Amino acid sequence: MGVEGIGQSVVRKEDKRFITGKGKYTDDIKLQGLTQAHFVRSPHAHARIKSIDTSAAKAMPGVVAVLTGSELVGDKIGNLICGWMVHSKDGSPMKMGAFPAMANETVRWVGQAVAVVIAETKNLARDAAEAVVVDYEELQAVVDVREAVKPGAPQLHPEAANNTIYQWSIGDQSATDAAIAGAAHVVTMDIMNNRLVPNPMEPRSAVAQYDSADDHLTLWTTSQNPHVARLLLSAFYNIAPENKLRVIAPDVGGGFGAKIYVYPEEIVCLWAARKIDRPVKWTADRSEAFLTDAHGRDHVSKAELAFDADHKIIGLRVHTYANFGAYMSLFSSSVPTYLYATLLSGQYNIPNIYCEVDGVYTNTVPVDAYRGAGRPEAAFLIERLMETAARQFGMSPADLRRKNFITQFPHQTPVIMTYDTGDFNASLDAAMKAIDYAGFPARKAASAAKGKLRGIGISCYIEACGIAPSKAVGSLGAGVGLWESAEVRVNPVGTVEVLTGSHSHGQGHETTFAQLISTRLGVGIDTVQIIHGDTDKVQFGMGTYGSRSGAVGMSAILKAVEKVEAKARKIAAHLMEAAEGDIVIEGGEVKVAGTDKKMPWALVALAAYTGHNLPDGMEPGLKEGAFYDPTNFTFPAGSYIAEVEIDPDTGKTTVCNFTAADDFGNLMNPMIVEGQVHGGIAQGIGQALLEGTVYTGDGQLLTASYMDYAMPRADDLPSFDIHHTCTPCPGNPLGIKGCGEAGAIGSPPAIINAITDALGHNHIEMPATPDRVWHAIHSRMAAE
Amino acid sequence: MYSTSYHKAASVAEAESLLAGASDGKYLAGGQTLIPTMKQRLAAPTDLVDLTKIPGLAGVEVSGNTVKIGAATRHYDVASSASVKSAIPALAALASGIGDPAVRYQGTIGGSLANNDPSADYPAAVLALGATIHTNKRAISADDYFQGMFTTALEDSEIITAVSFPVPAKAAYVKFPNPASRYALAGVFVAKLADGSVRVAVTGVGESGVFRASAIEAALAANWSADSAGSIAISPEGVLSDIHGSADYRANLVSVLAKRAVAAAG
Ligand SMILES: Cc1cc2nc3c(=O)[nH]c(=O)nc-3n(C[C@H](O)[C@H](O)[C@H](O)COP(=O)(O)OP(=O)(O)OC[C@H]3O[C@@H](n4cnc5c(N)ncnc54)[C@H](O)[C@@H]3O)c2cc1C
């Protein structure tokens, strides 16, 4: 029984199940009497529903029910909420339009659910859905934020004049204005952050089952946070009280944020299951995923970075329009505010920052957190500015960054965050060495000799994860606390079950969490079972997003296992007649330090459960729970350097080298960390080069399938060169910062900085498609 | 997908009569275009008549200066055929670049040509090599066969049985894949035929589907060289323009790819 502890690249326990097709996903759930739901969706981006005629559909073979939005209202099913209150700078609360699970008066995006058909089979449901007649009165649509805020633009919600949800601001406006006015140099840029479609491999799915005898509902769903889902379904959507609702998120095939939210389809399946007293399943096809999974990013910003004569940054002023889509999704309000503008200081000493964010409705799919959530937008903005500034000053981009790096910690930025620790020079050094930065001119010359343009681009990102101190987020408007829970149950034979509120949907928790137990108790990871994703089994927990499962989730497990150890030490001290302080737990044994007295871990566990010989007054059993609430965010940071080669004839960009030097604090499983970084960089390169979400002016999503939406494929990517530096996080007992999103945050600016370096041209829009790059080279069209 | 009836034809004649007996039937080959369309409910044939099990409809035959490929031959089989590779390596290379392995193991040359997608690869080879499309009714020359996007000279129930390609003196195909679909954003097939004539066909670019680039043909007939091909500017007039490539960009690609194709052909 080898100990497979912290810091080892242990092979993932869960992969056997996934690789051999034995994973159990929501769509795999089969139940007696299961019916299938198919949604009737709006073909229009903006229209008034004049009438819905379901009579023909109801008469079709195999149809069990056809339900519409007005029936939802009749049954008092609540509208979808946004769980984070953000106030405008004038103090007024955000202007939220009602978001019903199925539209009953107005549809506001192509794909919004209007009715649901429930039938014996999927195909019959779909057949009948085509027979539902919806009479629409088309309204003018608007998809671009800059158009949506103009006077006379089509208005989406009566609550939000000029489609504006809020006009939020952060930082000191007058100080920043003054700094910029008096600056020696000001770099001004218009920066867009392109809208992305998350595309987890497994489409969303929901299965709802009603037990009429117990008046109890069960939901299997593709969720990153089943307890939060249950809370919302109970407290806000009026589905069932929490004790009458079980939410299970079984194996989930990727989330990237898109599976944080409770969506209309889950609400409707639960409501319908009770109504028809039969289980209901819905599984999205890929087209529905494009049209209904919350999209990410979509910012339009203007940014000004001011420097003194010595090239020290003295101020940053930003205005951002954030596209929310047609409705406010669950955490949408926090993404372009507290998860974005609070990171605008980047890795730099910036004494004055002022940022205004206008949240804007458009007739598009709702936008919410997607891998990185706000931090990629911040990193892209500041890192594009820094690179551009260096070029304007004729300075090396590395030197300009170093000159402005924060080197003293803790560091209070002007935008809320207190960076706890870091060593930005170390990660930049590591990345520059690894990519042989000094050798770049020779490689550029070699490319030029082949008629190719070569460029190199740096990105020094910082992000905030380990989300989040409950008190802090509460004061900023969050509707929930962001602690995590854990329970460690030692069985009578010494094997261990860990019940965690974190949720694994690809991150490898079953391995890393077991490694932690293995390290602490000296037992093999095969004797440790990680249990998550079921509200009936696991105590309330907050789930997985914002790279929090290590820093917050594992810290909760550590707290619980420390309590278990304390009790085990007491029992062992009693049994071996030793002082409690002399007991050490190590290598599967419990020993008395400095003696040869010891007993196997399993016998201590057994003693706890037989209760035959426990210290006076001690309760039997060996099981402890803990809640961990972090004291601060964690701040993963690093330097990414991309090297690209462009074919000037076709505009095609090839990423030749990509080096990442990340500081994630301590690493639990370096192999899994590396996998997280690979995936993140792939997504970041996808954003930078390939993934464009395109709407027509009247709100049709043109890129609604893989024929038109380019996902990164293996042959679009180089072999990544991954390095780590380490300043352990002082904020949590394990010293870990989180690694799930960094790749997606740090890589887009590195790629775009490299491309613009190659082009000798400061601007290119993401995705930098061959067409755009070619036009930038040939300047036949203004590449804006 | 709507429900449909599947029929396996044992001969070309039977396929034709099965189709005639169906109220709204369609031939089925590899299903790589038809089935996704049906899944999206954009096509709803009452009956599918599978051609791929018809004896003799698949396979490669080389005789003299002709390579004849059965309509039901899969892209993979063309790509890996030793005889195609030696007689017309450009054609094998083209087939090896269609879609992904799953598509190549199913999709057929007949299906691709019957479909005539404006971004498909085979039409460029057929047109540039001056191939002949054999059907159960007649033989159609490439120049007469392609009649615009998704439009061909085929009559309703007509079945492509084979395609015969003359072995060229030199040929090459260069494709610039659409970053999303990996169909051709532009593809240029250049050929110098045995009689010395030059034919150049372009796919992915024309608003009316595959076309011959006569200006490039003329330049190459006068001077077969990469630079000569690359020197011809293509007008963006009549060129497809979409989110993946504007007309001027695609027009530029034609010159670039023509130049590269000639260089590759040698
Ligand atoms: C993911 C993906 C990627 C692809 N990438 C490419 C690519 O890069 N380049 C490219 O060129 N193509 C690509 N394709 C299309 C592929 O090559 C198809 O195989 C081809 O277009 C159709 O051939 P099929 O045998 O599958 O025909 P089917 O889909 O079975 O049929 C297509 C049409 O042709 C008709 N038909 C079939 N055979 C005959 C016949 N012998 N006589 C008369 N009518 C017939 C059918 O009735 C139907 O209308 C791709 C397809 C997919 C799914």
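By convention in this document, chain letters (A, B, ...) are assigned in the order of the sequence lines, proteins followed by strands, and residues within each chain are numbered from 1. Since this is a predicted model, take the numbers as computed values, not measurements.
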Portion of Arg250(B) that has a non-hydrogen atom of chain A nearer than 4.5 angstrom: neither
Less than 4.0 Å between a side-chain N and a carboxylate O, is that true for Lys259(B) and Asp649(A)? no
Which region of Glu691(A), side chain (C-beta onward) or backbone (N, CA, C, O), has a non-hydrogen atom less than 4.5 Å from a non-hydrogen atom of chain B, or is it both or neither? neither
Do Asp708(A) and His244(B) have side chains that approach each other closer than 4.5 Å (heavy atoms only, starting at C-beta)? yes
Indicate the atoms forming the closest heavy-atom contact of Pro770(A) with Tyr249(B), along with that distance. CB-OH, 3.1 Å
Taking NZ in Lys26(B) as the centre, count heavy atoms belonging to other residues, nucleotides or ligands within less than 6.0 Å. Is the count above 12? no
Below 4.5 Å, heavy atoms only, C-beta onward: do Asp248(B) and His775(A) meet side chain to side chain? yes
Donor-acceptor contact present, side-chain Asn123(A) to main-chain Tyr2(B), <3.5 Å: no
Verify the neighbour count for atom NZ of Lys452(A): are there more than 12 heavy atoms of other residues, nucleotides or ligands below 6.0 Å? yes
Would Asp100(B) and Arg713(A) pass as an ion pair if we require N to O under 4.0 Å? no
Engaged part of Thr650(A) at the chain B interface, taking heavy atoms whose separation is under 4.5 Å: both
By a 4.5 Å heavy-atom criterion (distance strictly below it), what part of Pro767(A) contacts chain B: side chain, backbone, both, or neither? neither
Interface moiety of Lys39(B) toward chain A, non-hydrogen atoms closer than 4.5 Å: backbone
